[in-house]
Amino acid sequence: MIFMKEYKVLTAKTPEEAETAMNQMARQGWAVKEVTQWDRAASYRVMITFEKDA
């Protein structure tokens with residue numbers, strides 16, 4: 001038996017936007033797999049990777 005996963009990546013510009021995205025995706029059955037933050041040229045970004053069973 002093969003268990004497949006499905007992934008989705010979103011970006012957010014603020015912590016509040018990230019929280020909203022995570023809550024919306026959780027309601028659709030997605031779980032946060034990883035969160036990566038970076039600052040580039042005075043621009044804050046968070047990349048959120050979600051995972052769920054396919």
Exercise. How far does CE of Met22 sit from OG1 of Thr20, to the nearest 0.5 angstrom?
Worked result: 9.0 Å
Exercise. In terms of hydrophobic clusters joined by side-chain contacts under 4.5 Å, are Trp30 and Val9 together?
Worked result: no
Exercise. Take atom CD in Glu19; do more than 12 heavy atoms of anything else shown fall under 6.0 Å from it?
Worked result: no
For residues 44-54, which side-chain donor-acceptor pairs fall under 3.5 Å, sequence neighbours excluded?
from: Arg45; atom 1: NH1; to: Ser43; atom 2: OG; distance (Å): 3.0
from: Glu51; atom 1: OE2; to: Tyr7; atom 2: OH; distance (Å): 2.8
from: Asp53; atom 1: OD1; to: Lys5; atom 2: NZ; distance (Å): 2.7

Problem set entry | Residues that Thr14 engages under side chain to side chain contact (heavy atoms under 4.5 Å, CB included), provided they are two or more places apart | Glu16, Glu17
